[in-house]
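When a ligand or atom number is given, it counts from 1 through the structure's own listing order.
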Amino acid sequence: MSETRQRTGPDDDAPGARTVRGCPVSHTEYGEDSELYGHYALLDAEREAARFHFNDTRPRGFWMLQRYDDVLEGFQNHAVWTTRVRSALNPEPGIALLPQDLNGKEHAKLRRVLNPFFSPAAVRRMEPLAHRRCVELVEEVRPKGGCDFVAEFAIRYPTDLFLSLLGLPVADGEFFLPWSETLFAGFFGGDPEAAAEARRNILEYFDRAVNERRAAPRDPAEDMVTRLVQARIDGEPLSQEDILTVCMTLMLAGLDTTRSALGFIFTHLARHEEDRRRIIAEPELAPAAVEEFLRMYPLVIQAGREVQEPQDFHGLPLEKGDVVWLGIASANRDPRKFPDPDRFILGREGVNQNLAFGAGPHRCLGMHLARLELAVVLREWHARIPDYRIRPGVPLTERGGQLTMPTLPLEWEV
Ligand code: HEM
């Protein structure tokens, strides 16, 4: 694993210019793994060094917006800055995603089809299942006196809920989970052939599920795949390919993120006895705690956008085709918006304005589901395993790009 490096400012040793269009150049590589919280330290330093940076670690480079107000404005500037680039670190799309890849009216039409399954009311209907599955998984690990929290709990839980959201058997997680893990690893340097095979398996699996619903539809108000099959946009049904892309997108967007959030949350709680005690004593605080955790440990550190027409953004001259980095993690930890940003403050004023789920029309489709999943885990885990610690001597790390902890070994008394 290589260290995440930062080389910005007067010591800049790059052969090229120190500024581009008057903007300081950053060579910080945000795609590399680092020690835990390494990326936040770099992002915090760059945000305070200059309002904008031009980062030259990718062939196209990207313009970094880092302050809360700028990042929020960037998300709202969706008519001019589109998701033709979804990630500043990977500006070439690679794999199709829906609804992400759509913009404007086309995007809004597909969101209208999907939104009912992710509304607060729809998510509340999933709560009993979320509780049940969470308790089952906690009870499975509890007698062991320890586990790799990431592999044995944090990824299994959202995978099971994802399968039931699609109306698929939870038991399929046994083969589905290794596929999704292999596919995801492929985006972050894993074996590309294994990832391609996993992708084929997943698409075939979804294809069978969609065909089953075509043959035997269920209630479209309750069953998402049936709704996707029956939906009409401008009078036309969605193609089989688009339906499969939506399923694939939900998997890619929902599983790794929830797992990662759980890893960061439990690391914090293992290390901060006082915060853990409060959650044990007052489980009703779980949703507020989740919100402050999402603010403090944002794992989707950025969203990318491509500029469609020239624009002066607060003195930053942008041209058509430029790539913009909307710095979610920088914004969530911006002391101008959230004073004392490194402190976990339960009930922090304005915490709901954090940008962990983005903002504007592409704001996370699954945010209510994610919040529910995380709050349920806080309550159910601590009701059963209130005291735990991180196994000593294991160095904690985070993957770059989109943060996640590869491992979190926890132990407790049984
Ligand atoms: C803690 C967990 C999660 C985090 C931090 C997160 C974060 C985000 C962010 C930042 C975006 C905006 C990207 C952009 O503007 O380009 C997004 C979009 C999206 N998320 Fe999530 N997400 C989480 C969980 C989920 C879950 C559970 C699902 C679904 C099962 C989901 C589905 C989506 C989809 C479909 C989009 C694209 C929305 C669109 O383009 O209209 N996410 N998410």
query: Can you find an N/O atom of His107 closer than 3.5 Å to an N/O atom of ligand 1?
result: yes
- request: Provide the number and element of each atom of ligand 1 under 4.0 Å from a heavy atom of Ala356.
  value: 5 (C), 7 (C), 10 (C)
Salt bridge flag under 4.0 Å for residues Glu48 and Arg336: yes
- request: Select one of side chain, backbone, both or neither to describe which atoms of Ala253 lie under 4.0 Å from any atom of ligand 1, heavy atoms only.
  value: both
Atoms of ligand 1 close to Gly358 [distance to a heavy atom under 4.0 angstrom, numbered from 1]: 10 (C)
field: Pairwise distance CG(Leu129) to CG(Asp160) - rounded to 0.5 angstrom
entry: 8.5 Å
message: Taking Arg343 first and then Asp340, would you say they form a salt bridge - that is, a charged N and a carboxylate O separated by under 4.0 Å?
response: yes
field: Nearest protein heavy atom with distance in Å, relative to atom 11 (C) of ligand 1
entry: Phe357 O, 3.8 Å
- request: Give the C-alpha distance, both sets of side-chain angles, the deciding distance and a yes or no for side chain to side chain donor-acceptor pair (under 3.5 Å) between Gln100 and Thr83.
  value: CA-CA 7 Å; Gln100 272 100 321; Thr83 56; over 6 Å; no
query: Can a cation-pi geometry be assigned to Arg348 and Phe338, taking NZ or CZ under 6.0 Å from the six-membered ring centre and within 45° of the ring axis?
result: no
message: Show, in sequence, the C-alpha distance, side-chain angles and deciding distance for Asp33 and Thr397, and conclude whether the side chain to side chain donor-acceptor pair (under 3.5 Å) test is met.
response: CA-CA 7 Å; Asp33 301 351; Thr397 62; over 6 Å; no
query: Which protein non-hydrogen atom lies closest to atom 19 (C) of ligand 1, naming both residue and atom, and how far is it?
result: Cys364 CA, 3.6 Å
task: Considering heavy atoms of the protein only, find what lies nearest to atom 36 (C) of ligand 1 and give residue, atom and distance to 0.1 Å.
output: Gln100 NE2, 3.8 Å
task: Give me the ring orientation class for Phe153 and Phe149: parallel if the planes are under 30° apart, tilted from 30 to 60°, perpendicular past 60°.
output: parallel
task: Provide the number and element of each atom of ligand 1 under 4.0 Å from a heavy atom of Phe75.
output: 15 (O)
message: Please report whether ligand 1 has a polar contact with Arg363, defined as an N or O pair separated by less than 3.5 Å (distance criterion only).
response: no
- line: In this structure, atom 34 (C) of ligand 1 is nearest to the protein heavy atom Leu365 CB, 3.8 Å
message: Quick check on contacts: which atoms of ligand 1 are under 4.0 angstrom from a heavy atom of Ala303?
response: 14 (C), 16 (O)
- prompt: Of all the atoms in ligand 1, which lie at a distance below 4.0 Å from a heavy atom belonging to Ala370?
  reply: 2 (C), 24 (C)
Contact partition for Phe162 relative to ligand 1, non-hydrogen atoms under 4.0 Å: neither
statement: The closest protein heavy-atom partner of atom 24 (C) of ligand 1 is Thr257 OG1, 3.4 Å
statement: The salt bridge (charged side-chain N to carboxylate O under 4.0 Å, His left out) partner of Glu127 among Arg132, Arg133, Arg379 is Arg379
task: Give a yes or no on whether the ring-centroid distance for Tyr388 and His382 is below 6.0 angstrom.
output: yes
task: Using a strict 4.0 Å cut-off to heavy atoms of Ile328, name the atoms of ligand 1 that fall inside it.
output: 10 (C)
Protein residue, atom and distance nearest to atom 14 (C) of ligand 1, heavy-atom basis: Arg305 NH2, 3.5 Å
Chi angles and distances behind the side chain to side chain donor-acceptor pair (under 3.5 Å) call for Gln311, Asn77: CA-CA 11 Å; Gln311 193 189 11; Asn77 197 6; 3.1 Å; yes
- prompt: Which atoms of ligand 1 are found less than 4.0 Å from any heavy atom of Gly254?
  reply: 25 (C), 26 (C), 27 (C), 28 (C)
- prompt: Heavy-atom contacts under 4.0 Å between Val300 and ligand 1: side chain, backbone, both, or neither?
  reply: side chain
statement: Judged by heavy atoms only, the candidate from Arg371, His362, Arg111 nearest atom 12 (C) of ligand 1 is His362
task: Identify whether the distance between the nearest side-chain nitrogen and carboxylate oxygen of Arg60 and Glu92 falls below 4.0 Å.
output: yes
message: What I want to find out is whether Asp387 reaches Arg277 closely enough, with some N-O distance under 4.0 Å, to be called a salt bridge.
response: yes
